[in-house]
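Structure record follows, encoded as structure tokens.
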Amino acid sequence: MEEHDLTKNQSVVAPGEYATHGSYDRREPDKMAVLSETYGASIFFRRWAAWIIDFILIVFGYEGLVFFVVKKAAAAETPNMGMVLGIFLIGSFCYYLLLEGLTGYTLGKFVLRIQVVNGEGRPPGMAKSLIRTLIHLVDTNPLLIWGLPAGICVLATPKKQRLGDIAANTYVVKVRDLRAVNRQKTGIFTGAIILMTIISVIYAAFFISSLITQIVKPEVFVSKDNQFAVTAPWSWSRDDTMNEDADISIQNKISERYLIVISEPKSDFDSSMTLQEYKQIIQDHIESGLTNPESGGASNIAVNGYPAIEFTLKGEVEDVPIMYNVTMIETPSHYHQVLAWTYSSRYGRAEKELRKIRDSFREVKR
């Protein structure tokens with residue numbers, strides 16, 4: 001009788017398809033594997049549509065947020081794209097790792113009503129999600145014809161799994177096919193987490209923006225006589241040791257960019273002195289201290305309404321190639337030299353910031 005009882009309830013699950021529980025050797029049939037084998041191509045289209053939704057959310061939503069934050073942090077018109085890319089990739093990785101590991105959903109999967117589950121029909125957990133996410137970087141890479149390897153794998157495998165599912169022993173199933181008790185519990189839990197995630201992202205964006213605005217507020221550097229000033233990003237600092245004759249001396253030690261302002265009263269010169277003549281005096285003086293100087297063409301510009309002349313100057317200082325942006329500015333009472341420089345190889349990246357600081361030159365209102 002005992003032998004008959006043991007054999008009359010054979011599982012219909014294929015050999016080897018089991019879900020384990022705990023540390024002891026008690027195993028039950030992997031019901032999600034059986035369920036997955038009943039799906040046709042429709043599950044592929046749901047998965048692909050969910051991936052598109054996540055892709056749009058991440059690229060246009062999350063990457064836009066990262067770009068905005070890094071731009072604020074850099075206090076520059078063009079943020080460091082390496083930093084943007086790094087934060088974007090880390091955030092994208094965590095998006096899949098945390099949401100799928102804890103809930104089985106991403107926002108795309110939640111909309112399409114499909115869920116990542118283990119063999120028991122529950123969210124896969126962090127270990128399985130880590131495996132899925134690592135392989136996600138390869139088989140759903142948009143550079144590979146919009147995730148073609150994952151699509152082929154889902155269509156070709158009996159249980160409609162991509163490579164990450166096979167490695168992690170997970171399945172993507174329709175929510176309506178899960179047991180009612182599981183759907184009720186995980187649905188409420190998942191909905192709450194996704195809602196909190198959306199709210200958290202919104203509040204985080206406002207919080208980070210306001211925090212960065214306070215922390216990285218541009219700083220005003222005033223001349224020694226308190227008559228003139230320039231404004232530079234928070235990463236710049238004063239360094240009065242660069243030039244003892246300078247009225248304003250600032251530098252960005254991280255990017256190795258430098259700027260000084262030297263102001264001279266017009267009363268120190270002949271009354272017939274012109275801005276062009278002053279420019280030539282300063283240019284000759286700077287070139288005398290350089291090896292192999294090469295001067296760029298001069299341009300007449302205006303800086304905060306003041307007439308000015310700008311030119312570039314390339315040369316070597318102790319065998320190191322340096323590139324200068326030199327601007328002569330005339331105010332009613334003074335001639336001013338705004339001398340900004342960095343290594344020649346870095347000038348192209350620094351030029352916009354150096355000119356922006358130069359253009360902030362103004363008289364201090366009292």
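Heads up: numbering here begins at 1 and tracks the sequence.
A distance of 6.5 Å separates CG of Leu313 from CD1 of Ile286, quoted to the nearest 0.5 Å.
In this structure, Lys314 places its NZ atom where only 12 or fewer heavy-atom neighbours from other residues, nucleotides or ligands lie under 6.0 Å away. Within a 6.0 Å radius of NZ in Lys224, more than 12 heavy atoms belonging to other residues, nucleotides or ligands are found.
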For Ser263 and His336, run side-chain hydrogen bond (donor to acceptor under 3.5 Å, both in side chains): C-alpha distance rounded to whole Å, both residues' side-chain angles, the deciding distance at 0.1 Å, then the answer. CA-CA 4 Å; Ser263 300; His336 309 271; 2.6 Å; yes
Test salt bridge (charged side-chain N to carboxylate O under 4.0 Å, His left out) on Glu120 and Lys31 and set out the steps. CA-CA 7 Å; Glu120 302 170 348; Lys31 297 177 181 179; over 6 Å; no
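For Gln283 and Ser295, the side-chain atoms include at least one donor-acceptor pair closer than 3.5 Å. Side chains of Thr170 and Asn118: a donor-acceptor N/O pair is absent below 3.5 angstrom, by distance only. Between the side chains of Asp177 and Tyr39, a donor-acceptor pair is found at a separation under 3.5 Å. Donor-acceptor pairing under 3.5 Å is recorded for the side chains of Asn252 and Ser235. At a cut-off of 3.5 Å, with distance as the only test, a side-chain donor of Ser42 or Lys174 sits close to an acceptor on the other residue.
The minimum heavy-atom distance linking Asn169 with Tyr171 is given by the pair OD1-OH, 3.2 Å. Val154 and Arg162 get closest at one heavy-atom pair: CG2-N, 3.8 Å. Closest approach of Ile282 and Gln337 over heavy atoms only: CD1-NE2, 3.2 Å. Contact record, Phe269 with Tyr278: CZ-CE1, 3.7 Å, taken as the closest heavy-atom pair.
The aromatic rings of Tyr306 and Phe361 stand perpendicular to each other, their planes meeting at an angle above 60°, with 30° marking the opposite boundary.
In this structure, Arg113 forms a cation-pi arrangement with Phe110, its terminal cationic atom sitting closer than 6.0 Å to the ring centre and no more than 45° off the ring axis.
Looking at heavy atoms from C-beta onward, Tyr343 lies out of side-chain contact with Met323 at the 4.5 angstrom threshold. Counting heavy atoms from C-beta outward, Ile131 and Lys128 have side chains that stay 4.5 Å or more apart. Proximity of Thr342 to Arg349: side-chain heavy atoms (C-beta onward) are nowhere separated by under 4.5 Å. Contact annotation: the side chain of Val364 never approaches that of Gln227 to less than 4.5 Å [non-hydrogen atoms, C-beta and beyond].
Checking side-chain atoms of Arg362 against main-chain N and O of Ser360 turns up a donor-acceptor pair under 3.5 Å. Side chain of Thr106 to backbone of Lys109: a donor-acceptor contact under 3.5 angstrom is found. Side-chain N or O atoms of Glu100 include none that pairs as donor or acceptor with a backbone N or O of Gln115 at under 3.5 Å. Not a single donor-acceptor pair under 3.5 Å links the side chain of Asn325 to the backbone N or O of Thr312. At distances below 3.5 Å, not a single donor-acceptor pair connects side-chain atoms of Glu287 with backbone N or O atoms of Asp284. Remark: the backbone N or O of Leu97 is paired with a side-chain donor or acceptor of Ser129 at under 3.5 angstrom.
With respect to Glu353 and Arg257, a salt bridge is recorded, a charged nitrogen being found less than 4.0 Å from a carboxylate O.
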